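Just below is one structure, and these are the notes that go with it.
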Amino acid sequence: MLHIAPEVDTAISSGKPVVALESTLISHGLPYPHNLEVARMLEAEVRAAGAIPATIGVVAGVPTIGIDERALERFAGDKHVLKLSRRDLAAAIAQKRDGATTVAATIALAAAAGIEFFATGGIGGVHREAQISWDISADLSELARTPVLVVCAGAKAILDLPATLEQLETLGVPVVGLDTDDFPAFYSRTSGLRLPIRAENPAEAAQMWRIQRANAHLCAPGGLLLCVPPPTEVALSNATVEAAITQALGRAKAAAICGPAVTPFLLAAMAEMTDGESVRTNVALLRQNAHVAAQVAQAVVDL
Ligand code: PSU
Ligand code: MN
């Protein structure tokens, strides 16, 4: 069922560091044509840090580990590319669709291919007013059961961050700050929420991961969330972000947006409200996270 690109396949079987990348942020998270440049840039960043990148998605019904340039162009530009969570995979395969994979679907496919490291921007989580909408991203439940180390800048700021952290605790997912004690807030360096675990550097995170994986019967059986604050030069202030989120949420409510459309809608509204600053920050933190994921993958190989 899986197509693994030859370079990625060779890297996996020879024990080289491999970093998985998702495709939803390309198709549904960033504006065209910027998204295509970002997709290429993230792969280049992983390579520059000494690992092999594997961008994951479903290409004409085939779950693909390491999508090629032609498919990447389609994923960036074609409005008909689906947004796939794990539950949507079988239908997309049956109907031979192109589908961009979310964090949940990407880590499931990465794990099936034998890849343990993944980088994204911000994971999905508990939405604000989830007590009414019941909107909680499948990223969280997937992290609880799928053994992949996810490098991110926390959960997206449009979410209810305290509730998201609580949910991660309930699900038994270790949440580790890289050289920080604070849960980052995606566009901003801190949410004001304290993290329970801190790793000083990628090597220490690698050590935790190796122990977790070698003892899955004792420790968490699924993933680990490694949180890296966005680079200082591009981080936005919490006040700027909060003002934009309030407006974005108001728009989403007025337009009665629900389901998988919520996150893409809010990210696009944020870009507009901040005159593109949110996109600049998003791209910079994605790049940093790709770099860190490659470093951790290398550190695990070195152990
Ligand atoms: N990180 C980004 N941009 C994105 C996403 C993450 O910087 O667009 C995507 C991821 O694919 C994540 C999804 O899994 O948003 C969450 O969607 P939802 O809230 O519908 O689960
Ligand atoms: Mn949702």
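Note that the structure is predicted; figures quoted are calculated from it, not measured. Note that ligands are numbered from 1 as they come in the structure, with each ligand's atoms numbered from 1 the same way.
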Between [Y] and [X], is there a side-chain heavy-atom distance shorter than 4.5 Å?
X	Y	answer
His291	Arg287	no
Lys156	Met270	no
Ile245	Leu266	no
Val176	Leu225	no
Val19	Val151	no
Asp179	Glu200	yes
Glu169	Val175	no
Ile26	Val38	no

Using a 4.0 Å cutoff against the non-hydrogen atoms of [X], which atoms of ligand 1 qualify?
X	answer
Thr120	1 (N), 6 (C)
His127	19 (O)
Gly29	8 (O)
Thr102	11 (O), 14 (O)
Phe186	7 (O)

Does Leu72 belong to the same Ile/Leu/Val/Met/Phe/Trp/Tyr cluster as Val8, with side-chain heavy atoms less than 4.5 Å apart forming each link?
-> no
Please indicate whether any nitrogen or oxygen in [X] is less than 3.5 Å from any nitrogen or oxygen in ligand 1.
X	answer
Asn282	yes
Gly122	yes
Val103	yes

Side chain to side chain contact (heavy atoms under 4.5 Å, CB included), paired with Phe75, selected from Ile67, Asn35, Thr55 | Ile67
Looking at [atom], what's its closest protein heavy atom, distance included?
atom	result
atom 9 (C) of ligand 1	Lys156 NZ, 3.5 Å
atom 21 (O) of ligand 1	Ser137 OG, 2.7 Å
atom 3 (N) of ligand 1	Leu25 CB, 3.7 Å

Which residues and atoms, counting only protein N, O or S, are under 2.8 Å from the Mn ion (ligand 2)?
-> Asp135 OD1
Carboxylate-amine/guanidinium contact Glu73 Arg40, below 4.0 Å = yes
Starting at CG of Leu224, measure out to CD of Glu116 and round the result to the nearest 0.5 Å.
-> 11.0 Å
Just how far is it from atom CZ of Phe265 to atom CG of Leu249, taken to the nearest 0.5 Å?
-> 10.0 Å
Counting heavy atoms only, which part of Leu267 comes closer than 4.0 Å to ligand 1: side chain, backbone, both or neither?
-> side chain
Under 4.0 Å between heavy atoms, the region of Leu30 that gets near ligand 1 turns out to be neither
Of the choices Lys83, His28, Glu22, which has the non-hydrogen atom that lies closest to atom 20 (O) of ligand 1?
-> Lys83
Should one rank Asp139, Thr101, Thr263, Ile136 by closest heavy-atom distance to atom 19 (O) of ligand 1, which comes out on top?
-> Thr263
